[in-house]
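Just so we're on the same page: letters track the sequence lines, and every chain starts at 1.
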2 protein chains.
Amino acid sequence: MSNTDLRKAGLKVTVPRLKILELLENSAEKHVSAEDIYKALMGSGDEVGLATVYRVLTQFEAAGLVNRHNFEGGQSVFELADDKHHDHIVCVKCNKVEEFVDDVIEQRQDAIAEKMGFEITDHALNIFGICKDCRKA
Amino acid sequence: MSNTDLRKAGLKVTVPRLKILELLENSAEKHVSAEDIYKALMGSGDEVGLATVYRVLTQFEAAGLVNRHNFEGGQSVFELADDKHHDHIVCVKCNKVEEFVDDVIEQRQDAIAEKMGFEITDHALNIFGICKDCRKA
DNA sequence: CTTAATGCAAACCGTTTGCATAGAT
DNA sequence: ATCTATGCAAACGGTTTGCATTAAG
């Protein structure tokens, strides 16, 4: 139950936070924008302001509950923090996002960073392309 | 000479465009933001408006003279289009950008895209870390 | 009761755009 | 002379923030 996750993060358990967590857990598309969340919550009795959505997502990110991605210029996309790291492949037509992991690539990255004298803090590999569905159309 | 590059791109040869091209060619740091360019041009007799810098960079990008990157949320970064593709490793402290290429990673990416049914259009691998210099401090 | 969270509207920041003027061909 | 490029200031879109109000502990 997410209730404890929130407490652990030092955050009070409030309706907006619970709703957003729940939405992140249950949404069909794992990768959602702040506005997606805002709209999804719109009709739901207790509405949540867009500013609050952003604040909550930022706090969740700080708490490690959520990861934020900036795939292209536009808006940020959030996903529930996974146990394990993964990279993304994004359809440039329909914006669908899928995930993948490749151990060889991971290792090469570490090797490159080390060779170049960097202490690696993070990395993002994004492949852009046209997905199977969109290629048919 | 860049004069012909501009003509080839169907762009009139103007002072702002030449200055920006020149700056991209000669700047110590290959990866610069629009504002970097704007500021660098500030004191230079013929000043160039920030809007023009953006317009010119956008045109250069369309013409394939320049590549634009969105490393993190902030502002875009531009570099003269290289003959050959490369990826980036960015220092999160000083924002220095270095380049690298790794054939193994390139191949794996193609394989992954194919396996997932994507027709790859582009990809961006960005490693973030702390560079040698910044680690000393 | 105390302290943190929310909603709203206003501020922000990088980027884009409309429009009248200046410049290239 | 024509048609594109520039500069300025205003608009934009996503995100953040100040402040008074409301709710959690």
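Between His88(B) and Glu98(B), the side chains place no donor N or O within less than 3.5 Å of an acceptor N or O (distance only, hydrogens not considered). In the model, Glu79(A) has a side-chain atom that pairs as donor or acceptor with a side-chain atom of His86(A) under 3.5 Å.
For Gln75(A) and dT16(D), the CD to P distance is 13 Å, given to the nearest whole Å. If you measure from atom CZ of Arg68(B) to atom C1' of dG14(C), you get 10 Å, rounded to the nearest angstrom. For the pair Leu50(B) CG and dT15(C) P, the computed distance is 8 Å after rounding to whole Å. Note: CG (Leu41(B)) to P (dG7(D)) measures 10 Å, nearest angstrom. Here the P atom of nucleotide dT17(D) and the OH atom of Tyr54(A) are 13 Å apart, to the nearest Å. One can place OH of Tyr38(A) at 10 Å from C1' of dC8(C), the figure rounded to the nearest angstrom. As a whole-Å value, the separation of Leu18(A) CG from dT6(C) P is 10 Å. The distance from atom CD of Glu61(B) to atom C1' of dT15(C) is 13 Å, rounded to the nearest whole Å.
Ranked by how close their nearest DNA chain C nucleotide is to the 5' end, Thr58(B) and Pro16(A) are led by Pro16(A). Closest-nucleotide positions on DNA chain C for Ala51(A) and Lys12(A) were compared, and the one nearer the 5' end corresponds to Lys12(A). Of the residues near DNA chain D, Val13(A) and Phe78(A), the one whose nearest nucleotide (by heavy atom distance) lies more toward the 5' end is Phe78(A).
Comparing atom distances between the Val48(A) side chain and each of dT15(D), dG7(C), dA5(C) picks out dG7(C) as nearest.
Evaluation of the ring-ring contact (aromatic ring centres under 6.0 Å, His included) test over residues 38-64 of chain B, restricted to residues two or more places apart or in two chains, returns none.
Within the 4.0 Å cut-off from OP1 or OP2 of dG23(C), not a single side-chain nitrogen or oxygen of Thr14(B) is found. One finds no side-chain N or O of Arg17(B) lying less than 4.0 angstrom from the OP1 or OP2 phosphate oxygen of dA24(C). Contact between the side-chain N/O atoms of Arg7(B) and the OP1/OP2 oxygens of dT25(C) is found at a separation under 4.0 Å.
As judged by a 4.0 angstrom heavy-atom cut-off over every strand, Arg55(B) is placed among the base-contacting residues. Within the nucleic acid shown, Ser33(B) has no heavy atom closer than 4.0 Å to any nucleic acid atom. When heavy atoms are screened at a 4.0 angstrom cut-off, Val15(A) is found touching no nucleic acid atom at all.
Checked for salt-bridge contact, Asp102(B) and Lys115(A) miss the test: no charged N lies under 4.0 Å from a carboxylate O.
Here His123(A) and Phe128(B) keep their ring centres 6.0 angstrom or further from each other.
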